[in-house]
Structure formats: structure tokens, C-alpha cells
Amino acid sequence: MNLDGKAAVITGGGTGVGRATALMLAGRGCSVAVNYSKSKQAAEETAAEARALGVRAIAVQADVAADDDCRRLAATATAELGRIDVLVANAGTTEFIAHHELDRLTPQVWQRILGVNLIGPFQCARAVKAAMDSAGGGAIVMTSSIAGTNGVGSSIPYCASKAALNNLTLTLARALGPSIRVNAVAPGFIRGRWLQEGYGESYEMIEQLATARAVLKKVCEPEDVAAAIVALVTNDLITGQVHIIDGGLTIGQ
């Protein structure tokens, strides 16, 4: 896919990987709808930076766990940008709960994590399908995690949600092909605010351990993941794949 003149929806687009992806797409001539749930200022700043690159860009509030919000997000992006060619289902949430603390995994924790991380991407994909069909096809990329393949991460529900998202990627690729391609990226440790806030005082130690274990002796920056997302969007022969981006963390010692 040639991105010049196309339009993308990026959920969780105001910070981290979402922000880096929105700006990378904008730099290649793709207009962007930067979705946010709570980070309004960050999303508006990202949209402004994208506009400075010469494309149309808007910030749109929506909770991807709510189907009505997903449909409104798609409708707003179509109305404001004229089309939708790309969906980056990047919005995610978790609770940092040690895996042995089973009693802390309340139904509310499960429902919120699965609602955002699994049901949300499905609802967003369904919501943009008509606009993508009208544009002649499109590309969807899910932001998963190595937690979905290794079962190691911030909490058991988070790991389960990402494993299910990997399966959803495969089934949607079959269901939406040949006009819409569906892939996922599965990052390892990503430097940034999300993990800093989650791990607190342990953050630097965990980053050092991840760096030491990784074969390439480095962990992800948001831009590394964004580059992989853009590569999947632009390669017209890849669908139904989950691409691990972790510096060799999962194969390290």
C-alpha cells in the first residue's frame, strides 16, 4: 500500500507506540485520526504534529471497549478524513498483578482488560470495515505482546487477552480477506511511561534485566514498534501473521 493520500485510525494514538505510529504514517502522507480514551492533551498534540507534516489529522475520544464509541470513531474519521484505509488497533490496558495473586483477579479486572485488549480491536475492525471496503480495501494491524506467546507479563488477564488477540488476528485475516489484510505486532519490553508507571521503582531493574537477556542487548523504543506496524501496512502480501519485535528477548538466555 502506498500511504500517500490514504487515511488511518490509530487507537491509543496519543502516546507511546500509538503516537510514534501516527507520526510515522503522517510523515508518509497518510492522514490520521488519533484516538484517545483519557489522554486528550497528548492526542491533540500528536494530531497537531501530524498536521505540521502536511496531512489532515484529528483527535477523537472513544473508549474502544464500547461498541457505540467504536462506530462513532469510524464515522467521525470517515467524515473528517474522507476515507479509512488503515486501522492500528493499539489501545490497551492492564493491571500490574503478580501471577500468584489469584484473588486479586476480580471479574471487573478481567472484563476491563478483555474489553479493551480483545473485544475493542474486534469492534474497531468491524466498525471500519465498510469504509475500507468503500476505499477498495485496507490494512489492520493489532498491537499485541510477547505476553501472548510466553505467558509472562503484567497480569494473567493481560497475557490471556494478548494470546486471544493473536488468534483474533488469524481469524479476522481469513474473514476479511482478500480486500482487508490483518496482522499483529508483538513487542517485548518497550521503554516509556506505561511500564514506568506500572513497575514504579522496579522499572530500571526490569529494563536492565530485559536488556541483558535479549540477544541484541537492547529493548524496544516506541519508534521500533511503529516501524514494524508501518511495514505490515505497506506490504500487500502479508496477512494473518503475528510479528515479534523484542530484540531477541524471547530467545535469549
Side-chain angles (χ1 to χ4, degrees), residues 10-21 35-43 62-66 88-122 124 142-169 184-214 218-226 229 242 244-250 252:
I10 304 99
T11 67
T15 60
V17 170
R19 177 183 181 279
T21 303
N35 159 253
Y36 67 96
S37 176
K38 298 177 181 178
S39 302
K40 179 179 181 179
Q41 181 177 347
D63 179 354
V64 300
V88 180
N90 173 72
T93 192
T94 193
E95 294 281 346
F96 285 78
I97 298 173
H99 287 203
H100 67 274
E101 296 183 286
L102 301 183
D103 288 338
R104 291 183 60 193
L105 301 178
T106 64
Q108 291 76 18
V109 169
W110 276 100
Q111 289 162 9
R112 182 58 185 167
I113 291 175
L114 291 176
V116 173
N117 294 0
L118 176 62
I119 300 172
F122 168 76
C124 287
M142 314 290 196
T143 301
S144 184
S145 168
I146 60 171
T149 57
N150 296 354
V152 177
S154 55
S155 66
I156 288 176
Y158 180 79
C159 295
S161 72
K162 295 303 186 178
L165 183 62
N166 293 345
N167 187 270
L168 178 67
T169 297
V185 294
F189 189 102
I190 306 174
R191 286 197 180 101
R193 186 186 70 182
W194 203 54
L195 291 182
Q196 287 172 345
E197 293 178 352
Y199 287 127
E201 294 180 356
S202 300
Y203 173 83
E204 290 188 8
M205 178 190 69
I206 294 172
E207 180 185 337
Q208 289 170 2
L209 290 172
T211 303
R213 180 178 175 183
K218 57 184 178 180
V219 295
C220 294
E221 300 286 350
E223 290 76 15
D224 298 321
V225 184
I229 291 171
V242 178
I244 293 175
I245 310 151
D246 69 347
L249 178 61
T250 54

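Remark: Leu105 CG to His99 NE2 distance equals 8.5 Å, nearest 0.5 Å. Here the straight-line distance linking atom NZ of Lys218 with atom CZ of Arg191 works out to 10.0 Å at 0.5 Å rounding. Atom CG in Asp63 sits 9.5 Å away from atom OG1 in Thr93 (nearest 0.5 Å). In this structure, Ile156 CD1 and His100 NE2 are separated by 10.0 Å, a value rounded to the nearest 0.5 Å. Atom CD of residue Glu207 and atom OH of residue Tyr199 lie 11.5 Å apart, to the nearest 0.5 angstrom. From Glu223, atom CD reaches atom CD1 of Ile190 across 10.5 Å, with rounding to the nearest 0.5 Å.
Heavy atoms only, all atoms of each residue included: Cys220 and Asp246 are closest at SG-CA, 4.2 Å. The shortest heavy-atom contact between Asn117 and Tyr158 is ND2-CD1, 3.5 Å. Among all heavy-atom pairs drawn from Arg193 and Ser39, the shortest one is NH2-OG, 4.0 Å. Nearest approach of Pro222 to Val17, heavy atoms of both residues: CB-N, 3.9 Å. Between Gly12 and Ala91 the shortest heavy-atom distance is N-CB, 3.8 Å. Nearest heavy atoms, Arg112 versus Ala65: NH1-CB, 3.6 Å.
Inter-residue side-chain proximity for Leu165 and Pro121 is flagged as met; some heavy-atom pair is nearer than 4.5 Å. The side-chain heavy atoms of Ile146 and Leu249, taken from C-beta on, include a pair separated by under 4.5 Å.
Asp224 contributes a side-chain N or O that, together with a main-chain N or O of Glu221, makes up a donor-acceptor pair within less than 3.5 Å. Side-chain atoms of Thr106 come within 3.5 Å of backbone N or O of Val109 as a donor-acceptor pair. A donor-acceptor pair is defined here as one N or O able to donate and one able to accept, closer than 3.5 Å; no such pair exists between the side chain of Lys162 and the backbone of Gly151.
Considering Ile119, Ile113, Leu168 as possible partners of Ser161, the one that fulfils the side chain to side chain contact (heavy atoms under 4.5 Å, CB included) test is Ile113.
Atom CD of Glu197 sits in a crowded spot, with more than 12 heavy atoms from other residues, nucleotides or ligands closer than 6.0 Å.
Thr11 and Asn35 form no side-chain donor-acceptor contact under 3.5 Å, judged by distance and modelled atom types alone.
Relative ring orientation between Phe189 and Tyr203 is described as tilted, the plane-to-plane angle lying within the 30° to 60° band.
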